Participant: 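One structure is given below, represented as structure tokens, and several questions about it will come after.
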Amino acid sequence: MSRQISILLFTLILAIFLDLGVEAKPQTCSPSGKLRGKKPPPNQCNQINDSDCCEEGKLYTTYKCSPPITKHTKAVLTINSFEKGKDGGGAAEDEERVVALSSGWFNNAKSCFQQVRITGNGRSVVAKVVDECDSTEGCDGDHDYQPPCPNNIVDASPAVWDALGVASGDRGDLKVTWSFV
């Protein structure tokens, strides 16, 4: 009789679970909106490190989230100069191993000053999070008239690229994994 009750309870719980529309699926990060590009004023788009400029009328995808963080989170490593007057706005010197994370990973500055391990090009390096690569806004003066960042970016100083053994001429977009240390 206890086996019958167990089966009945299991069936009832399963029926309630399915009726509520609860399903097991991996966490995802869907776009949160679109942003219409504005033409930058003359000489106002920062193109250091081959950065893109916003295009008038083009729709750019925005994200408030990033993919879930794991022990080996997949990302794209991009290059950023963190020196004053360059891409990063003066948070650090280019000789420092520092990064900016996409908005979801930056998590309203909760990730700021944490250490991350980045693995790519057959090497690994530890760097400090010092900034956000904004995935929610862009195409304005505050963002150097550049589009919003994708939601899977680790934007790294030249020192991080050096530690990964990537030659200056080969820097741009590199598939990496990362995690908090």
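As the structure is a prediction and not an experimental result, all values here were calculated from the model.
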Participant: Do Leu77 and Trp178 have side chains that approach each other closer than 4.5 Å (heavy atoms only, starting at C-beta)?
Facilitator: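 Leu77 does not reach Trp178 side chain to side chain.
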Participant: Would you call Asp162 and Arg171 a salt bridge, taking side-chain N to carboxylate O under 4.0 Å as the test?
Facilitator: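 Arg171 and Asp162: salt-bridged.
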Participant: State whether the side chain of Thr70 and the backbone N or O of His72 hold a donor-acceptor pair below 3.5 Å, judged by distance alone.
Facilitator: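 Such a contact is found between Thr70 side chain and His72 backbone.
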Participant: With side chains defined as the heavy atoms from C-beta onward, is the minimum distance between Val76 and Val154 less than 4.5 Å?
Facilitator: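 Not touching, per the 4.5 Å side-chain cut-off.
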Participant: Indicate yes or no: at least one non-hydrogen side-chain atom of Trp105 is less than 4.5 angstrom from one of Ile153.
Facilitator: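 When only atoms from C-beta onward are counted, Ile153 and Trp105 do not touch, as no gap falls below 4.5 Å.
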Participant: So, taking the atom named CG in Leu35 and the one named OH in Tyr60, what distance separates them when rounded to the nearest 0.5 Å?
Facilitator: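 Interatomic distance, Leu35 CG to Tyr60 OH, rounded to 0.5 Å: 9.0 Å.
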Participant: Any chance you could measure Ser157, atom OG, to Asp131, atom CG, to the nearest 0.5 Å?
Facilitator: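 So the gap between those two atoms works out to 12.0 Å.
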Participant: Quick one, Cys53 and Gln47 - any side-chain contact, counting heavy atoms below 4.5 Å?
Facilitator: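 Contact flag for Cys53/Gln47 side chains = yes.
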Participant: Would you say Asp155 and Thr78 are linked by a side-chain donor-acceptor pair, where the criterion is simply a distance under 3.5 Å?
Facilitator: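 Yes, Asp155 and Thr78 have a side-chain donor paired with an acceptor closer than 3.5 Å.
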Participant: Calculate, to the nearest 0.5 Å, the distance between atoms SG and CD belonging to Cys139 and Glu56 respectively.
Facilitator: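 Taking SG in Cys139 and CD in Glu56, the distance rounds to 9.5 Å.
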Participant: Can you find a heavy atom in the side chain of Val116 that is under 4.5 Å from one in the side chain of Val129?
Facilitator: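 Contact flag for Val116/Val129 side chains = yes.
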Participant: Apply side-chain contact (heavy atoms from CB on, under 4.5 Å) to residues Leu164 and Ile118 and explain how you reach the verdict.
Facilitator: CA-CA 9 Å; Leu164 292 174; Ile118 302 160; 4.2 Å; yes
Participant: Just by distance, do the side chain of Asn152 and the backbone of Ala75 share a donor-acceptor pair under 3.5 Å?
Facilitator: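 No, the answer is negative, given that no donor and acceptor are paired below the 3.5 Å cut-off.
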Participant: Looking at Pro67 and Asn151, what are the two nearest heavy atoms and their distance?
Facilitator: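 Looking at all heavy atoms of both residues, the closest pair is CD-O, 3.3 Å.
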Participant: Can you tell me how far the CD1 atom of Ile69 sits from the NZ atom of Lys71, to the nearest 0.5 Å?
Facilitator: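 The CD1 atom of Ile69 sits 14.0 Å away from the NZ atom of Lys71.
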Participant: Show every ring pair (Phe, Tyr, Trp, His ring centres under 6.0 Å) that has at least one partner inside residues 132-152, sequence neighbours left out.
Facilitator: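 Qualifying pairs: none.
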Participant: Side-chain contact test, heavy atoms from C-beta onward, threshold under 4.5 Å: evaluate it for Tyr63 versus Cys29 and give yes or no.
Facilitator: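 SC-SC contact between Tyr63 and Cys29 confirmed.
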Participant: Quick one: does any side-chain atom of Thr62 pair with a main-chain N or O of Gly33 as donor and acceptor, under 3.5 Å?
Facilitator: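 Indeed, once roles are kept as given, a pair shorter than 3.5 Å links the two residues.
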Participant: Any chance you could measure Lys38, atom NZ, to Glu55, atom CD, to the nearest 0.5 Å?
Facilitator: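 Rounded to the nearest 0.5 Å, the NZ-CD separation comes out at 15.5 Å.
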Participant: Do the side chains of Leu101 and Cys133 get nearer than 4.5 Å, heavy atoms only?
Facilitator: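 The answer is no; the side chains never approach within 4.5 Å.
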Participant: Would the distance check show the side chain of Asp134 and the main-chain N or O of Thr136 forming a donor-acceptor pair, the cut-off being under 3.5 Å?
Facilitator: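 Confirmed, Asp134 side chain pairs with Thr136 backbone.
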Participant: Would you confirm whether Ser135, through its side chain, and Pro150, through its main-chain N or O, come within 3.5 Å as a donor-acceptor pair?
Facilitator: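 Yes, the answer is positive, given that a donor and an acceptor are paired below the 3.5 Å cut-off.
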Participant: I'd like to know if Val126 and Val130 are part of one continuous hydrophobic network [Ile/Leu/Val/Met/Phe/Trp/Tyr, side-chain heavy atoms within less than 4.5 Å].
Facilitator: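 Cluster IDs for Val130 and Val126 differ.
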Participant: Can you check salt bridge (charged side-chain N to carboxylate O under 4.0 Å, His left out) on Asp52 and Lys58, steps first, answer last?
Facilitator: CA-CA 13 Å; Asp52 293 330; Lys58 181 175 179 179; over 6 Å; no
Participant: If a pair satisfies side-chain hydrogen bond (donor to acceptor under 3.5 Å, both in side chains) and one of its residues is in residues 106-119, list it, with sequence neighbours excluded.
Facilitator: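 Found Thr119-Ser124.
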Participant: How far apart are the closest heavy atoms of Phe82 and Val99, and which atoms are they?
Facilitator: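 Shortest heavy-atom separation between Phe82 and Val99 comes out as CZ-C, 3.7 Å.
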Participant: Is it true that the side chains of Lys64 and Ser103 contain a donor and an acceptor less than 3.5 Å apart?
Facilitator: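 No, Ser103 and Lys64 have no side-chain donor paired with an acceptor closer than 3.5 Å.
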Participant: So which heavy atom on Val98 is nearest to which on Ala127, and how close?
Facilitator: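 Shortest heavy-atom contact: N-CB, 4.2 Å.
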Participant: Looking only at the SG atoms, are Cys54 and Cys45 under 2.5 Å from each other?
Facilitator: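 Answer is no, sulfur atoms not closer than 2.5 Å.
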Participant: Heavy atoms only: give me the nearest Thr61-Lys34 pair and the separation to one decimal.
Facilitator: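 Shortest heavy-atom contact: OG1-NZ, 3.0 Å.
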